[in-house]
Amino acid sequence: MTEAVQTSSSFTPRVFSGIQPSGDLHLGNYLGAMKRFVDMQETGIETVYCMVDMHAITVWQDPEKLRHATRELCAGFIAAGIDPAKSILFNQSQVPEHAQLAWIFNCVARMGWMQRMTQWKDKAGKNAQNASLGLFAYPALMAADILIYHATHVPVGEDQKQHLELTRDIATKFNHDYGVDFFPITEPVIEGAATRVMSFRDGSKKMSKSDPSDASRINMTDDADAIAKKIRKAKTDPEGLPSDAEGLEGRPEARNLVNIYAALADTSVDAVLKDVGGKQFSEFKPILSELAVEKLAPISGEMARLMQDTSEIDKILDHGAERARAIASPILKKTYEIVGMVGA
Ligand code: ATP
Ligand code: MG
């Protein structure tokens, strides 16, 4: 069985990515990640998408809310255009090979590498002594999520770039230490006009599920009124909109709203500014709201419809986990062999 596993440096292209069920899916997740996932699915490359519940519990999650968020995230994937017949769609904890490979990677990654991770520093904050060990080890589990499928491409938002670099470091060190060419050196795919959607309340912080302020983000489940209200209240500066991208220099809030518009409209920032350059935010914000509602309402409507039958969602997740394990299991087995673990 292990012969089937590729050990040369020419890996078959395969896409992997994940989203945490750590709260409500938001516009940043949609534009920076999910919309890209759908694009990659349509290229015909094998795509593997995961609800990373084991990452979510690196910070406290109420069990009932976690269960709900995992199912709702699955509904979000499908509503946004992920087809469970085309992509492998599942939740991480159902595929134990992720955790098993993560342990090996905990023994490959170095403390110094992990301590440099900005997500660790941001999330642990001043209270690092009281943060969970899982939060610190998070990037090693993420490397395992990717490499257990020998994934060659990982679409993510800008904030995950450093974790992808760490994944490459882990693969390189593993291959070097054991004298093999077993794990691919994965490429991050960070594309589109909205690779880093910023908080509506603070242009220096990214939009996040875990931000305590609901006004900081547009949730995929927000209705038209909530979307319009949040955009109306979004922080901006007193200037009008410039006529080209250069004019957004040093104006993070203005840049954010223009980026969002461009990503929603599937166009470039320059093309947007050609149309709306010279307008005041009081004129631009309603136009942006209208576009956001037009694009998001069908997705949130479909999410709500799918959530009426959670047993169907659970079936999709079970089936996806089975398909995922069929890839992950021989790769783990071969890894154990390389490392020198005894067993069939
Ligand atoms: P949390 O606050 O719990 O970390 P999150 O909002 O950062 O949640 P994740 O589940 O950690 O969401 O990330 C899922 C995907 O969404 C990743 O690819 C990440 O890069 C992307 N992403 C998250 N926030 C943004 C954002 N503000 N803009 C663009 N992409 C984003
Ligand atoms: Mg995150």
Side-chain angles (χ1 to χ4, degrees), residues 15-40 47-62 65-66 69-70 72-74 76-77 80 82 91-92 117-125 131-132 134-135 138-139 141-143 145-146 151 153-167 186-214 216-221 230 234 252-253 255-264:
V15 171
F16 173 89
S17 201
I19 298 187
Q20 300 185 70
S22 50
D24 287 331
L25 200 56
H26 57 77
L27 186 64
N29 300 137
Y30 175 63
L31 296 176
M34 227 170 224
K35 202 162 178 290
R36 321 296 312 159
F37 298 175
V38 177
D39 293 344
M40 295 196 99
T47 42
V48 184
Y49 296 129
C50 186
M51 278 119 265
V52 287
D53 47 6
M54 287 157 63
H55 283 283
I57 61 162
T58 56
V59 297
W60 169 252
Q61 304 293 335
D62 173 83
K65 284 190 186 149
L66 179 65
T70 303
E72 194 170 70
L73 181 52
C74 182
F77 269 104
I82 297 299
N91 60 311
Q92 187 184 26
M117 294 295 111
T118 53
Q119 178 176 293
W120 156 251
K121 289 190 230 170
D122 289 349
K123 288 198 173 176
S132 75
L135 187 64
Y138 183 117
L141 175 59
M142 180 166 157
D145 298 336
I146 295 164
H153 295 84
V154 180
V156 280
E158 239 267 323
D159 63 302
Q160 292 302 319
K161 191 167 182 239
Q162 196 186 29
H163 287 166
L164 262 296
E165 278 158 13
L166 188 106
T167 300
T186 306
E187 292 292 335
V189 183
I190 302 172
E191 284 175 351
T195 56
R196 188 173 177 84
V197 175
M198 306 311 280
S199 155
F200 280 175
R201 299 194 28 146
D202 178 351
S204 71
K205 265 173 56 184
K206 80 166 192 77
M207 190 177 279
S208 279
K209 288 191 225 89
S210 54
D211 191 318
S213 162
D214 191 61
S216 70
R217 64 180 163 260
I218 291 182
N219 301 306
M220 296 303 285
T221 49
K230 286 176 178 178
E253 293 89 3
R255 176 188 296 277
N256 191 35
L257 296 187
V258 176
N259 283 350
I260 291 173
Y261 190 98
L264 283 170

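Predicted model, so just to flag it, every value in this text is computed and none were measured. Remember, it's 1-based here, ligands and their atoms both numbered in the order they're listed. Side chains are part of it too, since the values below use all heavy atoms of this structure and drop only hydrogens, waters and symmetry mates.
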*Check the angle between the aromatic planes of Y138 and H163 and answer parallel, tilted or perpendicular using the 30° and 60° thresholds.*
tilted
When every non-hydrogen atom of S199 is compared with those of N256, the smallest separation belongs to O-ND2, 4.2 Å
I want to check something: taking the side chain as every heavy atom from C-beta on, are I82 and T47 in contact at a cut-off of under 4.5 Å?
no
Item to complete: Could you tell me whether K205 and D211 have a side-chain N and a carboxylate O separated by less than 4.0 Å?
Response: yes
Distance filter under 4.0 Å, heavy atoms only, around ligand 1 gives G18, I19, Q20, S22, H26, G28, N29, G32, A33, K123, V156, G157, D159, Q160, A194, T195, R196, V197, K206, M207, S208, K209, S210
Could you check whether any side-chain heavy atom of Q92 comes within less than 4.5 Å of a side-chain heavy atom of V52, counting everything from C-beta outward?
yes
**Asked** So, do E253 and M198 sit near enough that their side-chain heavy atoms are less than 4.5 Å apart?
**Response** no
